[in-house]
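Report on the structure given below.
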Amino acid sequence: MAAPSDEEGAVGPRCHHRSPAMLDVPFLPFCAFLGTLGLLCVAMVGTWCQHWRGGFSLDGSSRTFNWHPVLMVTGLVVLYGAAALVYRIPNTWSGPKLPWKVLHSSLALGAFVLTVLGLVAVFCFHNSQGTPNMYSLHSWMGLGTVLLFSCQWAAGFGAFLLPWAPTWLRALYKPIHVFFGSTILMLSVASCVSGINEKLFFSLKNGTMEYKLLPAEAVFANTLGLLILIFGVLVVAALARPSWKRPDSDSPDSRQ
């Protein structure tokens with residue numbers, strides 16, 4: 001019996017099969033598609049609240065509540081997803097990292113500000129209408145996501161932007177920061193999707209527009225929920241793809 005060749009070794013033949021061509025999507029066109037999808041989600045949630053839910057105001061009525069889904073989808077999903085993908089841009093793989101750190105933290109901070117404003121809108125609406133706060137699973141999950149988001153941003157700012165943070169602390173915290181970044185995004189998607197469903201159950205309950213009859217509003221909002229879910233899954237998939245990850249600082253590809 002012939003000895004194993006250099007290509008095989010003791011563990012059997014090595015696999016040289018390339019990934020299917022359909023999976024070799026360039027990063028920038030993928031980002032363009034993802035950006036279009038994110039803008040579509042924002043446009044659809046705004047259209048839903050304007051066309052079917054009566055528009056927007058600051059008078060404490062249901063039109064005040066309508067700011068909540070718009071700000072949450074825009075900040076907690078779309079803008080946060082954009083912040084998560086900053087370090088996957090090939091231009092970030094060389095040169096100074098500080099501008100990209102500032103961009104990443106600024107996008108995340110903007111997402112956090114919009115999220116807080118979205119929470120203010122829903123609490124103002126509940127308080128003006130005498131509706132109890134924090135009684136549904138959606139509200140628990142949403143507030144928990146926001147609190148985790150705030151801890152993530154503060155810890156990331158302290159570890160990666162403050163100049164006196166030691167190198168060993170950054171190296172220790174980096175995988176934790178990356179893990180919770182993806183976790184927060186998926187929790188954000190789950191919170192938004194559950195919120196859409198909850199709003200439909202509360203709103204579509206009269207004899208001519210029951211949710212189970214699937215009126216046009218339900219079809220539109222359900223489609224919005226699916227698009228938000230697809231957006232979140234694609235962002236997480238981009239974060240997990242090895243070929244789109246920034247090379248380690250000590251690898252030959254990242255040396256300047």
What is the ring orientation for [X] with [Y], classed by angle as parallel under 30°, tilted 30 to 60°, or perpendicular over 60°?
X    : Y    : result
W153 : F157 : parallel
F160 : H177 : perpendicular
H138 : H68  : perpendicular
W244 : F30  : tilted

Close side-chain approach of [X] and [Y], heavy atoms under 4.5 Å:
X    : Y   : answer
C49  : P69 : yes
L200 : W48 : yes
E217 : H51 : no

Going by side-chain contact (heavy atoms from CB on, under 4.5 Å), L229 matches just one of L234, V189, V77. Which one?
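Going through L234, V189, V77 one by one, the side-chain contact (heavy atoms from CB on, under 4.5 Å) with L229 is satisfied by V189 alone.
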
Could you tell me whether a side-chain N or O of [X] sits under 3.5 Å from a main-chain N or O of [Y], the two making a donor and an acceptor?
X    : Y    : result
Y80  : G181 : yes
H126 : T131 : no
T64  : D59  : yes

Closest non-hydrogen atom pair, T115 against M72:
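It is O-CE, 3.4 Å.
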
Looking at A221 and I196, what are the two nearest heavy atoms and their distance?
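The answer is O-CG2, 3.6 Å.
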
Exceeds 12 heavy-atom contacts within 6.0 angstrom, atom CZ of F220:
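Yes - once you tally the heavy atoms of other residues, nucleotides and ligands closer than 6.0 Å, there are more than 12.
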
Under a 3.5 Å cutoff, is there a donor and acceptor pairing between the side chains of N222 and N197?
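Per modelled atom types, N222 and N197 side chains form no pair under 3.5 Å.
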
Is it true that S139 and S136 share a donor-acceptor pair across their side chains at a distance under 3.5 Å?
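S136 vs S139: donor-acceptor pair found between side chains.
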
If we check ring-ring contact (aromatic ring centres under 6.0 Å, His included) with F65, which of these qualifies: F125, F202, F56?
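One option only clears the test, and that one is F125.
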
